[in-house]
Amino acid sequence: MRIATFNVNGVNGRLEVLLRWLAEQEPDVVCLQELKAPQAKFPAAAIARAGYGAVWHGQSRWNGVAILARDTDPILTRRGLPGEPEEEQARYIEAAVRGVLIGCLYAPNGNPAPGPKFDYKLRWLDRLLSHATNLLEAGAPVVLAGDYNIIPDEIDVHKPERWRDDALFRPEVRQAFERLLAQGWTDAVRARHPRERIFTFWDYLRSAWQRDAGLRLDHLLLSPVVVDRLVDAGVDREVRGLDRASDHAPAWIEIAA
DNA sequence: ATGTCGATCTACGATCGA
């Protein structure tokens, strides 16, 4: 069973790229972020024609998250994190697919730091950590996948010194990621490739893709029972090189059925 | 400092967030 996460950067603007990748890789579960589409404009019909059921949490202009499931419908368990105000940004959705609970998240970018956007990012991560610890309690198989907007470590960024003061790499957010791991979650791609330089994002600016000046921002965190089933993990880099590509590439895990 | 996207409005260019 293959579970992937992909920040599409506009689900309608990138529909061709998304459908092509779905057809080629046939992932069983897909977490999408940055839909940039209101609830009514999610391309559910085209995605259904590709063979996927979907649940989504849209928002006009920005944010937006979705969970797709091949040949079945995800069973929605929540939209938004616990304790969020009703008018909160659309950054979290959760559903059960084939016996695995899938949390799909899009953490705030947080730049510029310091500032109100950075403060919002830290508050949002606090809410995520509270929910994450509750998810572990039952001992069920859970995958928390998405764009964390966190560079976990120096190996995850092409030039660490240039990113020292950026909201993606500040100690406060790296510590939030470490606290998730301390709760008992496993960073699947890093666990599978302990010393490899792996990126999931390349900026549109300054020919970042051509220079391979990337960052690793998209992560799949596994609860302990899922780690026991982990077979492989990786990144579909070639998707970043397609015409009209997102600035992110999909990251994925393969777990024993 | 650099300077690219998608979506949306300020609407055939400008803006915001990333």
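Throughout, a chain's letter reflects where its sequence line sits, starting with A, and its residues are numbered from 1. Computed from a prediction, not measured in an experiment: that's the story for all the values here.
Atom P of B/dA11 sits at a distance of 14 Å from the matching atom of B/dC16, rounded to the whole Å. Taking the P atoms as reference points, B/dC5 lies 26 Å from B/dT10, given to the whole Å. Comparing the same atom, P, in B/dG17 and in B/dG3 gives a spacing of 22 Å after rounding to whole Å. Nucleotides B/dA7 and B/dT2 are separated by 27 Å at their P atoms, to the nearest Å.
The side chain to side chain donor-acceptor pair (under 3.5 Å) pairs that include a residue from residues 111-120 of chain A are A/E88-A/Y120, A/N109-A/N111, A/N111-A/D166, where partners are two or more places apart or lie in different chains. Residue pairs meeting the salt bridge (charged side-chain N to carboxylate O under 4.0 Å, His left out) criterion with at least one member in residues 19-28 of chain A, sequence neighbours excluded, are A/R20-A/E24, A/D28-A/R70. Sorted by first and then second residue, the side chain to side chain donor-acceptor pair (under 3.5 Å) pairs involving residues 171-180 of chain A (not counting sequence neighbours) are A/D126-A/R179, A/D153-A/R174, A/R170-A/E172.
Counting heavy-atom neighbours within 6.0 Å of A/E238 CD, excluding the residue itself, gives a total above 12.
Through direct or indirect side-chain contacts shorter than 4.5 Å among Ile, Leu, Val, Met, Phe, Trp and Tyr, A/F199 is connected to A/W202, A/W209. Clustering of Ile, Leu, Val, Met, Phe, Trp and Tyr side chains at separations under 4.5 Å places A/I47 together with A/F6, A/V8, A/V11, A/L15, A/V17, A/L18, A/L19, A/W21, A/L22, A/V30, A/L32, A/L35, A/F42, A/Y52, A/W56, A/L68, A/V239, A/L242.
On the nucleic acid side, DNA chain B has its first and last nucleotide under 4.0 Å of a heavy atom of chain A at B/dT2 to B/dA18, going 5' to 3'.
A/R2 is linked by a salt bridge (charged side-chain N to carboxylate O under 4.0 Å, His left out) to A/E254, counting only residues two or more places apart in sequence or in another chain. Residues satisfying the salt bridge (charged side-chain N to carboxylate O under 4.0 Å, His left out) test with A/D228, not counting sequence neighbours, are none.
The stretch residues 109-125 of chain A touches DNA chain B through A/N109, A/K117, each having a heavy atom under 4.0 angstrom from the strand.
Within 4.0 Å (heavy atoms only), A/R211 reaches no atom of the nucleic acid at all. Looking at heavy-atom distances under 4.0 Å, A/F201 makes no contact with the nucleic acid at all.
Projected onto DNA chain B by closest heavy-atom contact, A/D147 and A/K41 fall at different nucleotides, the more 5' of which corresponds to A/K41. DNA chain B is contacted by both A/S60 and A/A245; A/A245 maps to the nucleotide lying nearer its 5′ end (nearest heavy atom per residue).
A/N7 and A/E34 are linked by a side-chain donor-acceptor pair at a separation below 3.5 angstrom, with hydrogens and angles left out of the test.
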